[in-house]
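Notes for the one structure printed next.
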Amino acid sequence: MRVEVVPRDPETVATPLMVVLVASDRPFEELGALDRMAGGVLGRAVRAGDFRGRKGDRVLGYGDDREGPDRVLFLGVGHSASLTGEGLRRAGGSAVRAAEDHRVSSLALCPDHLGGAADSSRVQAAAEGLVLASWRFAELVSPDHRDGGEALAESDGATDAGDRGGTGGGTDVGDERTPPPVEAAVLVGRRAAPWEEPVRIGHAFAEGENLARTLQARPGNVATPSHLAAEAERIAAEVGLECEILGPGEMEAERMGALLSVARGSREEPRLIVLRHRGGDGGAPPLVLVGKGLTFDAGGISLKPAKGMEDMKYDMSGGAAVLGAMLAAGRLGLAANVTAVVPSSENLPGGSATKPGDVVRSRAGRTIEVINTDAEGRLILADALHYAAGWNPAAIVDCATLTGACVIALGHHRSALLGNDETLLAELRAAGDRAAEPCWPLPLDGAYRRQLKSEVADLKNVGGRPAGTITAACFLSEFTGSAPWAHLDIAGTAYGKPKKPYLRHGPAGVPCRLLLEWVRERAGR
């Protein structure tokens with residue numbers, strides 16, 4: 001989606017749809033010019049008691065055939081003092097859904113009525129909401145099935161700032177009710193001139209996360225390890241990053257036995273992807289982002305049940321989020337040295353696959369007894385983390401769809417957060433809150449480490465059912481060296497059925513924007 005800033009009176013802007021955000025605590029008379037253009041629908045609704053500016057209130061009017069908007073949608077967002085960035089993000093998403101309802105491909109969003117609540121952070125969030133809501137995955141739909149528009153997945157629930165269920169269109173491929181994509185938006189207002197920079201940032205953040213969602217959505221026969229590597233090379237060329245790809249031979253030379261053990265059952269070769277953004281001082285240690293890139297996880301010999309296995313294409317969600325973050329970091333030229341590492345493989349039950357009971361040797365030299373081959377993500381991350389720790393990083397943050405136990409503990413609302421540095425953990429929690437990709441800390445201490453004790457090797461790859469998310473993080477902590485390190489388990493948040501108007505069912509791109517908020521804060525914004 002293209003997003004522009006237009007510092008003009010909103011009633012003078014020609015657009016098929018003008019969405020006007022209305023605060024419940026500010027005089028509605030401020031919107032008199034727009035209301036008159038729309039036939040006075042707002043004033044009548046206010047007098048009837050049908051519109052009070054509450055979240056979800058809405059009233060639609062039509063232009064008077066003069067220059068200006070064809071349609072004006074007044075959208076309530078609640079009290080301006082309690083309006084958060086997430087409220088503006090959701091409002092931006094609702095604006096795109098309204099455009100889809102009316103089958104128009106562009107819109108204008110006007111937050112003038114919010115007054116001082118339309119500050120830079122909230123304007124950034126509004127831009128994110130617009131761009132995130134415009135995403136849809138239709139690249140594998142045949143042209144003769146696109147005549148009625150690409151399929152949309154419904155977004156149920158209504159939780160904030162004009163949210164409502166549905167996307168305002170059909171849900172079947174080829175359904176004539178399905179609207180065309182919304183390709184352009186403008187943020188318009190009398191005081192819009194200072195919005196250029198926050199809109200630029202919000203657009204880049206959302207485009208990075210949309211890339212992550214696209215990579216997540218691609219099926220396992222498309223998004224293979226070599227495909228992710230090719231995407232990394234494309235990103236590097238587009239925004240000026242350094243790119244290095246390690247294949248099986250280079251991994252053998254690096255002694256990455258844990259990573260290679262996971263790939264043995266597949267004909268697809270593994271890849272270790274490294275991207276570098278050098279935006280900080282030349283000698284400054286990097287911030288390292290590590291993302292699990294397991295492009296399909298059948299469980300290996302410890303085969304998963306068939307039901308729902310198609311969703312295991314999402315097991316590379318951490319790697320996708322990291323690649324999206326690097327796209328945005330390069331595009332924005334963030335003033336920090338940032339390095340991404342994405343270990344990528346498949347996990348299939350081939351004749352040469354690693355078996356339960358096998359012992360493999362990691363890059364760190366530690367031997368690992370593989371109790372369950374479906375606990376493979378921690379194996380590929382172990383070698384990637386140890387590789388990254390050798391660069392003397394300022395901090396390492398890894399993200400992975402690692403444990404089903406995380407979903408049991410926190411559901412689909414928060415990612416789990418564990419690590420060895422309280423300052424880093426606090427930074428990530430704050431970044432998650434700003435991005436509306438919240439996380440929650442879990443303990444990490446020696447009592448849990450004892451569950452990984454092996455009788456035949458240095459440690460086991462699983463510690464049993466109790467505290468599964470914590471013992472998985474304990475396993476990873478064995479390979480991070482002395483670096484400040486944090487782990488985000490995104491098993492419950494990376495994909496699903498989010499009740500947010502700027503998301504669709506399926507991939508969410510989490511925690512791409514969280515990582516970007518953290519890097520940007522470390523870079524001094």
Side-chain angles (χ1 to χ4, degrees), residues 140 212 214-233 245-252 254 256-274 290-323 340-356 358 360 362-363 368 370-385 387 398-404 461-462 472 476 490-491 494-495 506-507:
L140 300 180
T214 296
L215 295 176
Q216 288 178 277
R218 288 173 179 161
N221 64 322
V222 174
T224 61
S226 57
H227 178 82
L228 289 190
E231 282 292 294
E233 292 173 331
I245 307 296
L246 277 65
E250 292 87 353
M251 293 181 205
E252 288 279 4
E254 289 287 345
M256 294 181 175
L259 197 166
L260 288 167
S261 74
V262 174
R264 284 182 189 146
S266 173
R267 293 181 180 178
E268 290 286 343
E269 291 186 347
R271 295 289 187 270
L272 185 83
I273 300 163
V274 180
V290 180
K292 175 185 172 185
L294 212 293
T295 57
F296 191 82
D297 180 20
I301 297 297
S302 305
L303 191 66
K304 291 179 180 291
K307 184 178 180 180
M309 194 191 288
E310 67 275 10
D311 284 345
M312 288 302 99
K313 69 177 185 177
Y314 291 126
D315 216 18
M316 42 66 76
S317 296
V322 165
L323 292 178
V341 184
V342 179
S344 185
S345 73
E346 293 183 333
N347 185 29
L348 298 179
S352 58
T354 296
K355 306 174 293 298
D358 285 358
V360 301
S362 69
R363 185 179 188 276
I368 303 164
V370 179
I371 300 298
N372 187 328
T373 64
D374 195 23
E376 83 301 325
R378 64 201 70 185
L379 294 177
I380 69 173
L381 287 170
D383 282 343
L385 288 167
Y387 189 56
D398 79 73
C399 50
T401 49
L402 206 63
T403 66
N461 75 324
V462 294
L476 297 180
I490 58 172
Y495 62 95

When rounded to the nearest 0.5 Å, the distance separating CD of E254 from CD of E252 is 11.5 Å
Please name the pair of heavy atoms, one in S317 and one in T401, separated by the smallest distance, quoted to 0.1 Å.
-> CB-CG2, 4.0 Å
Going by heavy atoms in the side chains, are Y387 and V274 under 4.5 Å from each other?
-> yes
Contact check, side chains of T373 and N461, non-hydrogen atoms, under 4.5 Å | no
Heavy-atom distance under 4.5 Å between the side chains of N347 and D315, does that happen here?
-> no
Side chain of T354, backbone of S261: donor and acceptor closer than 3.5 Å?
-> yes
State the CG-CG distance between L379 and L259, to the nearest 0.5 angstrom.
-> 9.0 Å
Less than 4.5 Å apart, any side-chain heavy atom of R271 and any of L228?
-> no
Do you know which two heavy atoms are closest between P343 and G291, and how far apart they sit?
-> CD-O, 3.2 Å
Got a second to check how far D374's CG is from L303's CG, nearest 0.5 Å?
-> 8.5 Å
Side chains of D383 and S362: is there a donor and an acceptor less than 3.5 Å apart?
-> no
Would you mind reporting whether K292 and E376 have side-chain heavy atoms less than 4.5 Å apart?
-> yes
Minimum side-chain heavy-atom gap L260-V360 below 4.5 Å = no
From N221 CG over to K313 NZ, what is the distance, rounded to the nearest 0.5 angstrom?
-> 10.0 Å
Is there a donor-acceptor contact under 3.5 Å from the side chain of E269 to the main chain of P225?
-> no
If we only count heavy atoms from C-beta on, is the L385 to V290 side-chain gap below 4.5 Å?
-> yes
How about S344 and P270: do any of their side-chain heavy atoms sit closer than 4.5 Å?
-> no
When rounded to the nearest 0.5 angstrom, what distance separates CZ in F296 from CE in M309?
-> 6.0 Å
